[in-house]
Q: 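Next up is a structure, given as structure tokens.
Below, chain A is the first sequence line, B the second, and so on; all start at residue 1.
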Amino acid sequence: MPQSGSELETPVVVRFAPSPTGYPHLGNIRTALFNWLFARRYGGKFILRIEDTDVARKVEGAVEMILDSLRWLELDWDGSPYFQSERLDIYRDVANKLLTEDHAYLCYCSPERLEAMRQEQIKRKQPPKYDGRCRNLTQQQKDQLKAEAITPVVRFKTPLDGETTFHDLIRGRVSFKNSTLDDFVLLKSDGYPTYHLANVVDDHLMAISHVLRADEWLSSTPRHTLIYQALNWQAPHFAHLPMILGPDRSKLSKRHGASNIIEYREQGYLPEAMINFLALLGWSLDDRTELLTREELVKNFSLERISKTAAVFNRDKLEWMNGVYLRQLSLDEFVRQATPFLDRDLPVSVRRPLDSDYTRQVMSLIQERAKTLAEVPRLAGFFFLDELQYETSLLLSGGLSSKAAIEAIRTPLKRLESAEVWDAKSLEDVLRALATELSLTTGKFFGLLRVAITGRSAAPPLFQTMAVLGKGKCLERLTTALDRLSALAQA
RNA sequence: GCCCUCAUCGUCUAGUGGACCAGUACCUCAGCCUUUCAAGCUGAGGACAGGGAUUCGACUUCCCUUGAGGGCACCA
């Protein structure tokens with residue numbers, strides 16, 4: 001079996017085949033990514049195919065959501081997307097061919113009967129499968145049912161015995177006893193094909209060379225293999241990717257917080273970080289490389305290094321990685337990326353548009369401290385607000401008495417009022433000297449000033465912060481702090 | 001219930017019979033740096049699910065048990 005690139009005997013053609021039921025989740029996208037990487041690695045094609053054969057579950061706008069997600073991550077597809085709903089005739093023809101060649105039959109069983117049968121089987125602790133009632137109908141019975149005008153479905157005539165074996169590029173040889181399979185539906189009564197039929201037909205017609213899909217499809221692969229065999233078609237190579245599990249080790253779903261990929265964009269994750277992180281869920285380059293660019297990924301991706309074990313999604317690591325990518329950005333790029341988040345999340349009282357020069361200075365202090373873009377407004381808020389919200393007691397958290405604290409603010413306030421230069425260096429000179437003068441440790445003194453200036457005890461470096469904030473605002477905030485302390489002392 | 005798959009630190013993983021008393025990253029903790037935070041640096045903690053078999057030698061091969069995940073629709 002060809003597993004590695006250069007000596008592949010057929011051109012690589014892979015596809016991402018989502019069904020339009022909403023935004024793709026992390027697992028879908030990981031599948032898309034691996035397909036994309038594989039195609040790009042071997043100079044093949046990456047086809048996008050929308051599997052919209054379930055009319056009932058179809059979600060309005062979902063196709064656009066899928067395209068939106070792929071575009072965000074720059075997983076570009078080749079050609080225009082296919083829509084299975086536009087190819088109904090093709091599937092019908094194939095179903096008819098199978099019917100004619102006795103690989104399939106018409107089934108008139110009602111959904112109610114099937115459901116009742118299933119319940120009964122489950123109750124009797126038997127595996128639920130179609131009992132094959134319509135498989136051996138006499139011509140007379142067929143005619144009669146036909147006369148009743150019931151629209152039948154087309155079922156595949158699964159061999160009663162023997163086994164179906166296929167080779168999986170990741171798992172190796174996988175085998176199923178045919179007796180554990182049932183006569184599954186190929187064509188539904190609404191004329192739409194089921195996944196099994198449409199998938200096989202399209203993979204064949206589109207000359208898909210490798211099917212890279214999630215592990216949850218492994219058990220439907222024997223059905224697909226059987227269809228290929230019945231049609232006398234060469235099946236593509238299969239590679240079933242390990243699942244991505246939620247922290248509770250179950251299949252990823254809405255329950256696990258953000259599952260829609262686009263929510264990650266809204267939470268301020270960078271596409272390159274997502275790509276890097278997702279690539280490492282089930283694949284690795286070696287025993288130590290964590291950070292890889294898209295290009296490095298393309299250059300090194302291979303099926304051999306895909307693991308067999310399901311991976312638990314680890315948000316902490318994603319955050320860490322996003323922080324790394326955020327810090328790698330040039331300041332201008334960081335500002336460009338962060339601005340929409342500031343616009344979105346800064347309090348409405350903050351005047352828009354933001355001053356770009358000021359924002360840039362602020363961002364230079366924030367960039368290193370943000371793990372996601374969405375937390376930038378929270379980290380930088382005090383730079384933009386007119387009035388700080390904080391508990392006055394926070395000023396005393398360093399252990400100073402209110403009297404001492406008042407003194408420790410009044411003195412620098414006076415000293416700073418006459419300051420002519422207002423940059424980090426001069427501020428540091430002045431304030432350090434003052435700490436000595438007041439015989440306060442720098443920790444206590446600067447800590448107090450930090451709260452007065454920023455309203456919080458953890459913030460970017462004090463002098464730089466003050467320099468960016470500007471003299472007017474700093475003096476104003478020191479004055480406010482003084483007032484608060486005085487009020488507290490009197491109370 | 002039946003079928004399939006998987007099984008290394010809490011998590012992502014490296015490891016394809018000896019170079020592994022098991023390496024990396026996230027996480028946690030400690031220290032350094034330091035005006036706080038962050039970043040950075042140093043260090044620590046922490047795993048081969050269990051039992052058989054094969055072998056001079058098993059994380060690595062085979063079997064069983066256990067555990068986990070997935071599937072068993074006129075959904076994909």
Q: Classify A/P461 by what it touches in the nucleic acid, base, sugar-phosphate, or nothing, heavy-atom distance under 4.0 Å.
A: base
Q: Can you say whether a donor on the side chain of A/K317 sits under 3.5 Å from an acceptor on the base of B/rC12, or the other way round?
A: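 Result: at least one qualifying N/O pair found.
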Q: For a quick check of understanding: with a heavy-atom distance under 4.0 Å over all strands, which category does A/C109 fall into, base, sugar-phosphate or nothing?
A: base
Q: Quiz question: going by heavy-atom distance under 3.5 Å, is there a donor-acceptor pair between the base of B/rC4 and the side chain of A/S219?
A: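 Answer is no: no donor-acceptor pair is held.
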Q: Using the C1' atoms only, state how far B/rU13 lies from B/rC48, rounded to an integer number of Å.
A: 13 Å
Q: Could you check which of B/rC74, B/rU13, B/rU11 has an atom nearest any side-chain atom of A/K188?
A: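 Out of B/rC74, B/rU13, B/rU11, the nucleotide with an atom closest to A/K188's side chain is B/rC74.
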Q: Is the distance from the ring center of A/W77 to that of A/Y82 below 6.0 Å?
A: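 No, the ring centres sit 6.0 Å or more apart.
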Q: Please state the P separation for the pair B/rA58 and B/rC33 - nearest whole angstrom.
A: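 Looking at atom P only, B/rA58 and B/rC33 are 49 Å apart.
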Q: By the 4.0 Å heavy-atom rule, please label A/K125 as base, sugar-phosphate, or nothing.
A: sugar-phosphate
Q: Is it true that A/F277 and A/F313 have ring centroids separated by less than 6.0 Å?
A: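 Ring-ring flag for A/F277/A/F313: true, centres closer than 6.0 Å.
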Q: Ignoring hydrogens, what is the shortest heavy-atom contact between A/M65 and A/P24? Give both atom names and the distance.
A: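 For A/M65 and A/P24, the tightest heavy-atom pair comes out as O-CD, 4.1 Å.
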Q: Apply the test ring-ring contact (aromatic ring centres under 6.0 Å, His included) to residues A/W422 and A/F463: give CA-CA distance (whole Å), side-chain angles for both, the deciding distance (0.1 Å), then the verdict.
A: CA-CA 10 Å; A/W422 195 269; A/F463 314 119; over 10 Å; no
Q: Starting the side chain at C-beta, find the nucleotide from B/rG1, B/rA76, B/rU13 nearest to A/S19.
A: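 For the A/S19 side chain, the nearest candidate turns out to be B/rA76.
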Q: A/P127 side chain: which of B/rG1, B/rU11, B/rA76 is closest?
A: B/rG1
